[in-house]
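Chain naming here is simple, since letters A, B, ... match the order of the sequence lines and numbering starts at 1 in each. Note that these values count all heavy atoms, side chains included, but never hydrogens, waters or copies made by symmetry.
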Protein chains: 2
Amino acid sequence: MMTSEKLANIIRGRGYKLTPQRRAVLRVIARSRDHLTPGAIYERVRKEHPGIGLVTVYRMLELLADLNLTCRVHTEDGCRSYLMRRPSGHHHHIMCTSCGRVVDFTKCDLSELQQRVSEKSGFKIEGHLLQFNGLCQECREKTGAGGPFRTGKVW
Amino acid sequence: MMTSEKLANIIRGRGYKLTPQRRAVLRVIARSRDHLTPGAIYERVRKEHPGIGLVTVYRMLELLADLNLTCRVHTEDGCRSYLMRRPSGHHHHIMCTSCGRVVDFTKCDLSELQQRVSEKSGFKIEGHLLQFNGLCQECREKTGAGGPFRTGKVW
DNA sequence: TATTAATTGAAAAAGATTTTCAATTAACTC
DNA sequence: GAGTTAATTGAAAATCTTTTTCAATTAATA
């Protein structure tokens, strides 16, 4: 688990100054289980740190992305939605389309598929993007939706 | 292969009017092997149909998306990039990160993985997003990059 | 405590997307 | 082919989102 303190140390360790504004942004993202847009982060940060500028939030998000400390979540309307990187290595997301909660999973053996796709297409494959979407347990209970396994909508 | 004529018939068949502007947008997207942003589509369409409004392009893109005739490609900077849906059913993309070319593939057996992920997470999984990224053969030859198979950058 | 380079925030600029509304036109009827 | 009608168009304005600029502030170090 990446505490906001650990993150702070990483930031400082890399030679960046640790300002109250940065701390506030860190806390907000680190604490959230959902993916948040820059605007949403700004709104939340303002509660603990009124007067912070939206620019500062954008700059912090850029910094975190550069340091590879955040992930992007892929939603249907756009992909400007951030999430603290929880497993630090290779991993993927399962996103709840109802509440936005994101859960991670690490084991994804796509190598066979990748090999086949590479051979057929002639591409040198450099990376992949894999994300599952669905309803988390909680939202499922709320809405009374059916069992956990169903193949349906495809992005 | 979805010709621009077939697409035109679908549009008309669903009760939408087929205007010269719509035809022009259709031609541009249907003809391209790359994914195009609304702005790029606008630029191209203007060459055959000067005077078309950017709004019209946006509206056409919305219509095509509603009719499920386009796909979205997921890029690192944002996902407002469209592509004619070529296999009409379930499929995925391999995108060239250099030239933007997109190639499709249909066989993706994720059911085992999906089953496991669903059980572990408690999610009712409704869909998935899978895309490979890399260098197409042509770009590979241009830049002299290595063989086709490499596991690297992960989105 | 003084120094210094990084950081901040207001404001403006730049972009992207959506809304509004009067004028135009594709599709249909006769 | 002309008339009717509802859908479509495009200019302009309104909204949002993101980036740039620059003077003032401040964290980190000595």
Just the atom pairs and distances: protein N or O near nucleotides 28-30 of chain D's N or O, under 3.5 Å.
{"from": "D:dA28", "atom 1": "OP1", "to": "A:Leu18", "atom 2": "N", "distance (Å)": "3.1"}

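Taking every side-chain heavy atom of B:Val55 into account, C:dT19 is the closest of C:dT17, C:dT19, C:dA10.
Backbone-only engagement by A:Gly51 is indicated by non-hydrogen atom pairs under 4.0 Å involving sugar-phosphate atoms exclusively. Using a 4.0 Å heavy-atom distance criterion, B:Arg22 is classed as a sugar-phosphate-only contact. Among the heavy atoms of the strands lying under 4.0 Å from B:Ile52 are primed sugar atoms or P, OP1, OP2 only; no base atom is included.
By the 4.0 Å N-to-carboxylate-O rule, A:Arg59 lies too far from A:Glu62 to be salt-bridged with it. At a threshold of 4.0 Å, the pair A:Glu138-B:Lys124 does not count as salt-bridged, since none of the basic side-chain nitrogens sits closer than that to a carboxylate oxygen. We find that B:Asp104 and B:Arg86 are joined by a salt bridge, their nearest charged nitrogen and carboxylate oxygen being less than 4.0 Å apart.
Residues A:His93 and A:Phe105 approach most closely at O-CE2, 3.9 Å, considering heavy atoms.
Look at NE2 on B:His49: it is 15 Å from P on D:dT8, rounded to the nearest Å. Between A:Asn9 atom CG and D:dA27 atom C1' there is a gap of 15 Å when expressed in whole angstrom units. The OH atom of B:Tyr58 sits 16 Å away from the C1' atom of D:dA11 (whole-angstrom rounding). The nearest whole Å value for the distance from the CZ atom in B:Arg23 to the P atom in C:dA26 is 10 Å. We find that CG of A:Asp66 is positioned 12 Å from P of C:dT7, with the value rounded to whole Å. If you measure from atom CG of A:Leu64 to atom P of C:dT7, you get 12 Å, rounded to the nearest angstrom. Taking atom CE of A:Met60 as the reference point, atom C1' of C:dT7 lies 12 Å away to the nearest angstrom. Atom CG in B:Leu61 sits about 13 Å away from atom C1' in C:dA16, given to the nearest Å.
In this structure a side-chain-to-backbone donor-acceptor pair under 3.5 Å is present from B:Ser118 to B:Phe123.
Taking side-chain N and O atoms only, A:Gln21 has no distance below 4.0 Å to OP1 or OP2 of C:dT7. Regarding contacts with the backbone of D:dT17, every side-chain N or O of A:Arg80 stays at 4.0 angstrom or more from both OP1 and OP2.
Evaluated for a side chain to side chain contact (heavy atoms under 4.5 Å, CB included) with A:Cys71, the options A:Arg85, A:Met84, A:His35 yield exactly one hit, A:Arg85.
Residue B:Leu113 holds its CG atom at 4.0 Å from CZ of A:Phe132, rounded to the nearest 0.5 Å.
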